[in-house]
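The next block holds one structure in the form of structure tokens; read it before the comments.
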Protein chains: 4
Amino acid sequence: MMLADHRPTENVPDVHRIVGADLGLADRYRAVRHHTEDLAAALSDEDQLVQSMPDASPTKWHLAHSSWFFEAFILAQTDYVPFDPQFNYLFNSYYEAVGDRHPRAARGLLTRPSASDVRRYRQHVDASMLALLEDCPEHYRAVVELGLHHEQQHQELLLMDIKHAFSENPIAPAYTPRPDRPPATTVPLEWTIFDGGLVEIGHAGDGFAFDNEGPRHKVWLEPFRMANRLVTNGEWLAFMTSGGYADPAFWLSDGWATVQREAWAAPLYWREGDEGWRVFTLEGLHPVDPAAPVCHVSYYEADAYARWAGGRLPREAEWEIAAHRVHEHLAGALHPRHAMASTLSQMIGEVWQWTASPYAAYPGFRPADDPTGEYNGKFMSGQMVLRGGACITPVGHSRQTYRNFFPPTARWAFSGLRIATDV
Amino acid sequence: MMLADHRPTENVPDVHRIVGADLGLADRYRAVRHHTEDLAAALSDEDQLVQSMPDASPTKWHLAHSSWFFEAFILAQTDYVPFDPQFNYLFNSYYEAVGDRHPRAARGLLTRPSASDVRRYRQHVDASMLALLEDCPEHYRAVVELGLHHEQQHQELLLMDIKHAFSENPIAPAYTPRPDRPPATTVPLEWTIFDGGLVEIGHAGDGFAFDNEGPRHKVWLEPFRMANRLVTNGEWLAFMTSGGYADPAFWLSDGWATVQREAWAAPLYWREGDEGWRVFTLEGLHPVDPAAPVCHVSYYEADAYARWAGGRLPREAEWEIAAHRVHEHLAGALHPRHAMASTLSQMIGEVWQWTASPYAAYPGFRPADDPTGEYNGKFMSGQMVLRGGACITPVGHSRQTYRNFFPPTARWAFSGLRIATDV
Amino acid sequence: MMLADHRPTENVPDVHRIVGADLGLADRYRAVRHHTEDLAAALSDEDQLVQSMPDASPTKWHLAHSSWFFEAFILAQTDYVPFDPQFNYLFNSYYEAVGDRHPRAARGLLTRPSASDVRRYRQHVDASMLALLEDCPEHYRAVVELGLHHEQQHQELLLMDIKHAFSENPIAPAYTPRPDRPPATTVPLEWTIFDGGLVEIGHAGDGFAFDNEGPRHKVWLEPFRMANRLVTNGEWLAFMTSGGYADPAFWLSDGWATVQREAWAAPLYWREGDEGWRVFTLEGLHPVDPAAPVCHVSYYEADAYARWAGGRLPREAEWEIAAHRVHEHLAGALHPRHAMASTLSQMIGEVWQWTASPYAAYPGFRPADDPTGEYNGKFMSGQMVLRGGACITPVGHSRQTYRNFFPPTARWAFSGLRIATDV
Amino acid sequence: MMLADHRPTENVPDVHRIVGADLGLADRYRAVRHHTEDLAAALSDEDQLVQSMPDASPTKWHLAHSSWFFEAFILAQTDYVPFDPQFNYLFNSYYEAVGDRHPRAARGLLTRPSASDVRRYRQHVDASMLALLEDCPEHYRAVVELGLHHEQQHQELLLMDIKHAFSENPIAPAYTPRPDRPPATTVPLEWTIFDGGLVEIGHAGDGFAFDNEGPRHKVWLEPFRMANRLVTNGEWLAFMTSGGYADPAFWLSDGWATVQREAWAAPLYWREGDEGWRVFTLEGLHPVDPAAPVCHVSYYEADAYARWAGGRLPREAEWEIAAHRVHEHLAGALHPRHAMASTLSQMIGEVWQWTASPYAAYPGFRPADDPTGEYNGKFMSGQMVLRGGACITPVGHSRQTYRNFFPPTARWAFSGLRIATDV
């Protein structure tokens, strides 16, 4: 896997370290687990308790649930002594086959177990896992691998969720101070043409992938064009000032109903003040940077923008074909950065990119027969596919075949867009 | 267009007359318009007012809105004198470009204009339309055609909606008495294999089609098998008695949440009593017929059933390829009928068949630039495609490329399913 | 009982005929029942079906329920043959002891039984009741009396409810045309002083009263002043223009929350247009008359106005003591009329007057042991007492001890206010 | 003021110390403030953040708001330097006249300011207040007094709210361990007869009282009987097993609707298990004690029980007259205790006792003209009066004229009941 080396990693808390594919499983286990704790270290015990909406979870819950995953799907099959038998109820997320669980919307009520109880719980699980990994039985390796990628997903969720919680606080706390950044200029919009035809998409080969990335299969594509970079804040401001949020002609019917019900007039986290638009970030409240990619827009907004701009969102197969042309993987920042190249870029590691594709099973997809079969398959309705990974996605976690998904109204992921058109 | 000729049309009010493609436009206009009025004739003025949920509309509103369509999109461009200028507000459905409109959920409050006012409104519109059609300017022909197919859609909605309204009445009124029917036996389930490959789907050619049926385009299909007939009530009862509604393993996550929230335990309109299951129909309340197709199930239920049965729902391209092999078009009844053939059958005209395909634009789709562009395109999110047409769909209205769509929770359409599997 | 004779009854449909106390019970039965049908006669069968909110009922339902009352509480104890056994379920309002009933919010869905079925139902009940009344057993007389006053309450509800339904219709139908009225001037506000002391209130004596009007009991009152007339529309406009709806200082906490949630800025049925404020009435849409009493305000609004005006709402005991000084009983109109006297007036028959008294049991109150015990007692929480009767209250129905009650948010009754102050 | 001396104070954290009326204002300030911090000391910073429903507040918020009260109503009029200017927005509860405020339901999102920030805030306010109190200007003394009683109300709320939060946690944490208690027997129910007549109620005299306790005024009472003790858990179990929650005949209409909507079948915090009913308390989960007073019932339940038991709830004037006969004041415990005397007892300091009286202004009541006028008066709608004070009410805080109030559905206060009857 290629990594972004064309720019220095910014001076954030040491939250984005590469977990090298060349490490052994135990070393990678240690690295991933430690990284989660690093992310939480900037937060007080109080910060780690808060849940600002049912879709978000407390930091403490992420710390515990990602440990529970190893406990429920690996250690419970061994002679492991549970840290606390009640944790199977408290920290199961949505696995019906594993049993009942604490209601999602009530996760923020769990002042007990305390944050320090949860830290001890992690140590307890780690001790057993590392003992197991000294000579890991073959049939556990795939689940350990899944557990590590699962924990990386929760590393991203942890940052998304604390950002949402802090944004609801009138004093607008910053997760970390903002480093100095030189002013940026916007790279001009260019188009890359793709021929289409009978292509193959989906995961195949040796590396890890989630079940929903396969099977690899054929898709027919008509020729299409793909923008070289993401839509910027500057372009979004033009959409706003030209009445984009006020004209139903640009919107899907459900999107227009949402705009009116929620009184949306700008991306989530944008705030208008005497000195223009500012945006709340993990680094605090700052002026909107016109050159940076727009972020925290819903599918409905992305779709409306694309129509306003005379294009459309790419289908996920188009996006995947295009992504294979680009070898830089970004990530490693707490806020998305402007494009630097006039060629096709920003495919992986700036913002998740909404596609025109509803999240559905690939032909031949079958979820696993064990409880991990609930991981992805049962969510295949009512959501749209996003591709690419965001700046806060752990370095090395995303890939060209990766399929993220959110409901069309969701805005708290680091979600933006790129325009495509028919040829 | 081929019509079902292997069974006599049942003795329903004369509601299902073919509108022959060989008639002139004016004659077809007369026939379609007259048919709508025939459907309403069985209902009192009170019946025609009732609205039993926001998704349903009063009969009277259907009568007026289908007239408004001709007024707004054709007559308003001529020297036509409106019947009543307020009707543009009252009877616009969802065309933002045409102006504000009466809230959908409040249609049942319109005791005025009266049912007889609406009947006079129809005559007024008909007089102007028939005068225009005597020598119809070429540029209006396509919209007239659209208006007739639009009115046929409302003929089906009228029956769906009054069925729902009557079902909410404790005295369970029948729209029409039930004719005698001989007992039926269930045709065994057989499979037809399709090779797949690079196929073409979508509308092409001379006949009318809605915009969302095109453009015709290539799709790659893996080999698949398609059931010869629809899933029956008897099979559905087996699903129910084996705990289908009680085991989350069969359900999508959103589906399972819906089952629990709505306490679903059987199809809509089924009622359990001392003598077993009965079903409310337009012909009153009758015992469930095990040989007849199951009807009024949601996408979530259809999907869960298919998983329970070891198969899956067909994708819409698979369905369309299969449908071209069948030449019978059924319809012409108020309740779906059992299969009669062991070969592939019941494709068109028994129940709408849920597919595995989210409703999305075909490659290259562009809605019209005029207000009729709002007809289909803006609904392309959050819904699933259904194919085939139902027994109550006007005879001759559906076709193999026809794409119906409803949210995955909807149950008041005449919706059932057919099973497919991978090969 | 004294009747208003100082002004001619207006030219409304003959809806307000006195039901003389000197008539025999059978004659009064005939007169009351006939009057209900007169009120409905101005409405089409469609109008009689509509239900515009859960609190309101269709005209047809009022016609049926007031008949059911005689059936359930009298005829069912005789050898009477029910018109239709299902009506006991359909037309029971809230009598738990009589059995299950059709949900209140779904009354508007009952297109069947038809309006003409209901008219025949009334005739059927009337035939049996009039046969019974030829020689009415003594133990039924009180329930017949209750049934007639009950029906009069539904006469008022019928008008309230159809007014609400028509107000939701964009074409604003009038129940009846408005007669010509000379312009009015506002009578100056004057105060009458009452000494208070240990007084008695509540019903005692021969005439009919509802159970909640007794027992007659002692109350200690401090001295108070009572305004000679109702608060006018002109005064209300002054409250509005001085920011009454925008300043929380005038409002109870729950009231202020309601103002903000409902965006109240004027009484129900007021509409601002290019030519100022107009008000929707049973006689159509007309300019607000500054001299007429304000009507269709909630308790919260009445309370806020009183505070703004430097006074308070009267307690119900104060109101009752004052009302005994006035001998005119108005009513007999479809819209409240301006005061004509500078002395204490407009006590009975213009608008219901909100009091400061929560609706609670009088000392010693006990509901009846039979099902009619559910008539009033079980509603003694969460509501405020109104006194006086409105212009649409049947002539002769109200009296000084009469206790009406509505939740503090309700506005669809003909509710206004009169100011009192401490001395 | 008389204190309970017939039983030792239980071994709870030292939370219930008398704040002697003979102390100077500064000493009382220190004692009350210190007591609040004692109550919070048993809770972690995480515990102090949680908000389990919109009606409840975090401990941290109580700590801050009770300080803000002194800041906003006293210190802001001096040359005081605010600890943080944003706190005026964050910790205002409901004083419209003081400005905008953080939404009540979002108090639990405030992870910042931290718990230690809030502790420093208290020290900051205390320093300024104690400096002021060294020579307190006369015009501030009444507000200081109000602020101390206000803080005592929040001491009780703090315990109510953390009990609710802990009850939502599946691991059922205890605020404090339970001391040993000897088994108790139930004192037989006896009646005390009161003559009624023209009595006076309400506060008069030197001591502190809230504005809503006056003016003292005359009330006429009919003779009545009052139970010697509170209704017990054993009696409540009899109500439950005899079908009290299942028969609408015992319930107010709104109460019955609430029972069905909320599926109430026992008091809040009661849980049925294999070994019978247990109750969650601040001392953990324990078997229901039949001799102890029932607690955490709503007005609707109290009213239904009284009707089932053949009595009624006392009116607040009746309760107050009776309370003046009893000189013991209990309180000083975390869970209510059984009665020990066969004479009239348990009036003050076991559970708040629902009365039959809606919360309304006494004759002549006028709220203060300054912002503290919002303290009580604006809540005078939709609530019922409770009298007496609970075991967790600060010792010495309640009195015979004290009027507490909650909506009829509320159950998280320590609310029970005592029966009265007419003579």
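First the proteins, then the strands, lettered A, B, ... as listed; each starts at 1. Please read all numbers here as calculations on a predicted model, not as lab measurements.
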**Message:** Out of D:R315, D:H217, D:E222, return the one with the most heavy atom pairs under 4.5 angstrom to chain C.
**Reply:** D:R315
**Asked** Under a 4.5 Å heavy-atom cut-off, does chain D meet the side chain of C:Y300, its backbone, both or neither?
**Response** side chain
**Asked** In terms of heavy-atom pairs under 4.5 Å, which option from D:A356, D:A97, D:P363, D:A360 contacts chain C the most?
**Response** D:P363
**Message:** Rounded to the nearest 0.5 Å, what separates atom CD in C:E200 from atom CH2 in D:W220?
**Reply:** 9.5 Å
**Request:** Give a yes or no on whether C:R366 atom CZ has more than 12 heavy-atom contacts from other residues, nucleotides or ligands under 6.0 Å away.
**Result:** no
**Message:** Is C:L198 close to chain D through its backbone or its side chain, or both, or neither, when contacts mean heavy atoms under 4.5 Å?
**Reply:** side chain
**Request:** For D:D369, look at atom CG and say whether over 12 heavy atoms of other residues, nucleotides or ligands are found less than 6.0 Å away.
**Result:** no
**Request:** Report the option among C:M384, C:M380, C:E374 that has the most heavy-atom pairs separated by less than 4.5 Å from atoms of chain D.
**Result:** C:M380
**Engaged part of C:R312 at the chain D interface, taking heavy atoms whose separation is under 4.5 Å** = neither
**Asked** Looking only at heavy atoms, which of residues 245-261 of chain C get nearer than 4.5 Å to chain D?
**Response** C:P248, C:W251, C:L252, C:S253, C:D254, C:W256
